[in-house]
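Structure first, then comments.
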Amino acid sequence: MNYIATINIPKFQEDLITWFEREQRTLPWRENQDPYRVWVSEIMLQQTKVDTVIPYFQNFMKHFPTLEALANADEQEVLKAWEGLGYYSRARNLQSAVKEVVAHYDANVPDVPKELDRLKGVGPYTKGAILSIAFDQPEPAIDGNVMRVLSRILRIEEDIAKAKTRKTFETVVRELISHENPSAFNQGMMELGALICTPKSPSCLLCPIQGHCRAYHDGVEQTLPIKTKKTKKSSHTYFALVMEDDAGNFILEQRPEQGLLAQLWQFPMVDTKQVDPSHLSLFVEEKYQVQIKSIENLNPVKHIFSHLTWFLDVKHIHIEGKINLTERIRQLSKVEISKFPLPVSHQNIYKQL
DNA sequence: AATTCGGGGTG
DNA sequence: CACCCAGAATT
């Protein structure tokens, strides 16, 4: 299907780019074209709003101003800078890929697709964003914004939840993209999706490319894009154990290397299905080899992830005795805990102390 | 092709 | 409550 047959491409490019140059937001990663800064910003912006990313980006650049600084940093330090941003594998993959660039590309971010492809955490979107924004190459960068905007402009009624559909958009962008200013073209598409062509009630009357928009012409902009996938959610209930000794130290454990919240630290959690609540004391004394002096309830914590919900029944347990410490189980003071990366749910427990 | 990865904002 | 966000890795 030839979606772009009726598009006046030069006029479309000019209208979009002129609008972008005039209306773009002032953002820290737009200060220059430093490929490292573009790269970091694109990783942070994955599934994450601009307003959320700004302070994280500023802080990250302060701590890790160069590829070398990030490559040489301690992983826990990197995770601490990522704390609260979510999708923590982004941080670990980014550091891994940066090490790769320092070691094998003499600390120069690759400017060819096949080399970018091999870097951990760099997928089709991020590759295109780096190539177009940092290196001025006319490569597509297809994200959720671009699919929404172009599904409307071209009235593309394919299901954007299907992986294959991204290729449709790559194909049309290769035909539409400005070769004179691919960076402004790609960023303009995304900026338009963020500011004008929003998911609900798009501001078509303010849109710089309204005259090119088939969905607006046909009055169907509200029905696009088409997206079928539904979310199925589960929930889990845990005891969260705030175990404090007489000296005011708390037991923290590190989560596994893989999976949800990998490598972050937390107050020990026990699945409520694994233990009879009336025998919690015995269970804890046995598992952690401690003597329990008292138990009080703290405020329960409910935490909603995108695909599941945690209910944390928080127990403040005063203990005495020698705890069995390992690399992944430590006894820490309140001040020391603040240096460790914690999930937001456990930050909420920490705040109660 | 479907699932797993966070967290916050919006209506 | 459901949906969305400058998506990628894993299964």
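Per chain, numbering begins at 1; letters A, B, ... match sequence-line order.
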Could you list who else is in [X]'s hydrophobic cluster, with ILVMFWY side chains joined at under 4.5 Å, directly or through other members?
| X | result |
| --- | --- |
| Ile226(A) | Val220(A), Leu224(A) |
| Leu205(A) | Tyr216(A) |
| Leu282(A) | none |

Check: dA6(C) and dG11(B): how far apart are their C1' atoms, nearest whole angstrom?
Finding: 23 Å

Notebook entry, point to check: If we take the C1' atom in both dA1(B) and dC5(C), what is their distance in whole Å?
Noted result: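 Each nucleotide's C1' atom is 22 Å from the other's.
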
Next item on the list: Verify the contact: side-chain N or O of His303(A) to OP1 or OP2 of dG7(B), cut-off strictly under 4.0 Å; return yes or no.
Entry: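 His303(A) to dG7(B) OP1/OP2: side-chain N or O found under 4.0 Å.
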
Margin query: Test: salt bridge (charged side-chain N to carboxylate O under 4.0 Å, His left out). Region: residues 241-259 of chain A. Which pairs qualify, not counting sequence neighbours?
Written below: Asp246(A)-Lys293(A)

Item checked: Integer-rounded Å distance: dG7(B) P and His307(A) NE2 -> 10 Å

Check: Expressed in angstrom and rounded to an integer, what is the separation of Arg92(A) atom CZ from dT10(C) atom C1'?
Finding: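 After rounding, the reported distance stands at 14 Å.
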
Could you tell me which residues satisfy salt bridge (Lys or Arg N to Asp or Glu O under 4.0 Å) with [X], sequence neighbours excluded, listed by chain and number?
| X | answer |
| --- | --- |
| Lys49(A) | none |
| Asp313(A) | Lys315(A) |
| Lys120(A) | none |

Next item on the list: Decide yes or no on ring pair (Phe, Tyr, Trp, His ring centres under 6.0 Å) for Phe60(A) and Trp82(A), but give the supporting numbers first.
Entry: CA-CA 8 Å; Phe60(A) 200 88; Trp82(A) 212 270; 5.8 Å; yes

Check: Going by heavy atoms closer than 4.0 Å, what residues in residues 53-61 of chain A are next to DNA chain C?
Finding: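 Nucleic-acid contacts, sorted: none.
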
Item checked: Contacting residues from residues 342-353 of chain A, given that a heavy atom lies under 4.0 angstrom of DNA chain B -> Pro343(A), Val344(A)

Notebook entry, point to check: Where along nucleotides 2-9 of chain C does protein come under 4.0 Å, by heavy atom, of base (B) or sugar-phosphate alone (S), with - for untouched nucleotides?
Noted result: --SBBBSS

Next item on the list: Take Ser89(A) and Lys162(A), find for each the nucleotide of DNA chain B with the closest heavy atom, and name the residue whose nucleotide sits nearer the 5' end.
Entry: Lys162(A)

Item checked: Those residues that, when tested against Glu139(A), pass side chain to side chain donor-acceptor pair (under 3.5 Å) (two or more places apart) ->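 By the side chain to side chain donor-acceptor pair (under 3.5 Å) rule, Glu139(A) matches Arg174(A).
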
Next item on the list: Using the test side chain to side chain donor-acceptor pair (under 3.5 Å), find all partners of Thr228(A) that sit at least two apart in sequence or belong to another chain.
Entry: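 Thr228(A): side chain to side chain donor-acceptor pair (under 3.5 Å) contacts with Asp159(A).
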
Check: Is Val335(A) linked to Leu332(A) within one hydrophobic cluster, defined over Ile, Leu, Val, Met, Phe, Trp and Tyr using a side-chain heavy-atom separation of less than 4.5 Å?
Finding: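 Cluster IDs for Val335(A) and Leu332(A) differ.
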
